[in-house]
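See structure below.
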Amino acid sequence: MIYSENILLCIAIPLAVALVFLRGSVQRFTFSFLAGMVVCLLSAYISGYVGLVAQASVTDTAIYFSPVIEETMKLLPAVFYLYLFEPDERETVLCAVALGAGFATFENCCYLLATGSESLRFTLVRGLAVGVMHVVSMVAVSLGMLLARRYRTPPLSGVVGSLAMSTTFHALYNLLVSEPGMTSYAGYVLPLLMTGILYLPYRRMVRGGGLAPDR
């Protein structure tokens with residue numbers, strides 16, 4: 001048994017202190033990273049409660065409930081930041097990437113502490129598959145919301161569409177890796193494949209001047 005709250009405090013306190021000495025994009029990235037870790041803990045609470053109420057197994061919870069809960073919880077701070085502060089496109093992607101990275105980092109830390117880190121294969125799977133999956137899903141969400149804003153579609157449709165896309169991707173990954181054999185290997189490769197696919201429209205936005213320069 002591990003105490004996730006204590007792990008969060010141990011990691012978050014140095015980062016919170018560092019915020020005092022940071023400025024600009026680095027400060028916003030670090031703050032979003034912290035928010036991602038907090039969101040991860042809250043998502044675990046909610047998923048566990050929903051699974052308990054529904055009397056679902058761990059596998060069923062991971063496939064049917066966790067993708068919806070986790071992607072919704074990650075989306076909320078991103079939507080709050082986008083529509084309240086109206087950042088430029090680069091800052092929107094920066095916030096989303098940091099949220100996903102913070103979520104993945106905290107989740108991986110808890111899993112490795114709970115199950116051990118002796119197996120290099122398991123560690124690589126956690127980093128290259130699960131960790132990348134959370135980052136990629138948030139990149140997809142941010143690009144979806146930016147496209148909705150660029151083409152002046154109703155904000156709600158952009159948010160719902162982005163959430164549906166990230167939830168479907170997350171649920172597909174969990175479903176694939178729940179079965180051993182070639183199916184699980186396909187699931188492990190999926191996040192890296194999506195990274196390459198999403199990098200193309202991201203680079204197009206950069207080259208087209210859609211993303212503001214670093215500052």
- Item | Candidate pair Lys74 and Ser166, rule side-chain contact (heavy atoms from CB on, under 4.5 Å), full reasoning | CA-CA 10 Å; Lys74 285 190 293 183; Ser166 64; over 6 Å; no
- Query: Within a reach of under 6.0 Å around CZ of Phe29, are more than 12 heavy atoms found that belong to other residues, nucleotides or ligands?
  - Reply: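 Yes.
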- Over 12 non-hydrogen atoms of neighbours within 6.0 angstrom of OH in Tyr188: yes
Hey, any chance [X] and [Y] share a hydrophobic cluster, counting ILVMFWY side chains that come within less than 4.5 Å of each other, even indirectly?
X: Val58; Y: Phe65; result: no
X: Met165; Y: Val132; result: no
X: Ile197; Y: Leu190; result: yes
X: Leu22; Y: Phe33; result: no
X: Met194; Y: Leu176; result: yes

- Would a distance-only check, ignoring hydrogens and angles, find a side-chain to backbone donor-acceptor pair under 3.5 Å from Ser47 to Ala44?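 Flag not set: sc Ser47 to bb Ala44 has no pair under 3.5 Å.
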- Message: For Leu99, is there any backbone N or O sitting under 3.5 Å from a side-chain donor or acceptor partner on Ser32?
- Response: no
Shortest non-hydrogen separation from [X] to [Y] and the atoms involved:
X: Leu19; Y: Gln27; value: O-NE2, 3.1 Å
X: Pro191; Y: Leu128; value: CB-O, 4.4 Å
X: Pro87; Y: Glu91; value: CB-CB, 3.8 Å
X: Met138; Y: Ala96; value: CB-O, 3.2 Å
X: Thr105; Y: Ala101; value: OG1-O, 2.7 Å
X: Ser184; Y: Glu179; value: CB-O, 3.1 Å

Can you measure from [atom1] ([X]) to [atom2] ([Y]) and round to the nearest 0.5 angstrom?
X: Cys110; Y: Arg126; atom1: SG; atom2: CZ; result: 9.5 Å
X: Asn108; Y: Thr123; atom1: CG; atom2: OG1; result: 9.0 Å
X: Ser57; Y: Ile63; atom1: OG; atom2: CD1; result: 7.5 Å
X: Leu198; Y: Leu143; atom1: CG; atom2: CG; result: 6.5 Å
X: Thr167; Y: Ile69; atom1: OG1; atom2: CD1; result: 10.5 Å
X: Leu175; Y: Tyr64; atom1: CG; atom2: OH; result: 7.5 Å

- Using the side-chain contact (heavy atoms from CB on, under 4.5 Å) rule, take Phe103 and Glu70 through it: C-alpha gap first, then chi angles, then the decisive distance, then the call. CA-CA 9 Å; Phe103 192 104; Glu70 292 181 4; 3.8 Å; yes
If you define the side chain from C-beta out and look only at heavy atoms, does anything of [X] sit under 4.5 Å from [Y]?
X: Val139; Y: Val97; answer: yes
X: Pro67; Y: Tyr173; answer: no
X: Glu89; Y: Val93; answer: no
X: Thr72; Y: Leu163; answer: yes
X: Ser43; Y: Glu107; answer: no

- Message: Pair Tyr185, Val189 - check side-chain contact (heavy atoms from CB on, under 4.5 Å), show working.
- Response: CA-CA 6 Å; Tyr185 293 135; Val189 173; 5.6 Å; no
- Task: May I ask you to decide if the ring planes of Phe85 and Phe80 are parallel, tilted or perpendicular, using 30° and 60° as cut-offs?
- Result: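 Phe85 vs Phe80 ring planes: perpendicular.
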- Message: Checking Val136 against Phe169 for the side-chain contact (heavy atoms from CB on, under 4.5 Å) test, could you report, in this order, the C-alpha distance in whole Å, the side-chain angles of both residues, the deciding distance, and whether it holds?
- Response: CA-CA 9 Å; Val136 169; Phe169 170 64; 4.2 Å; yes
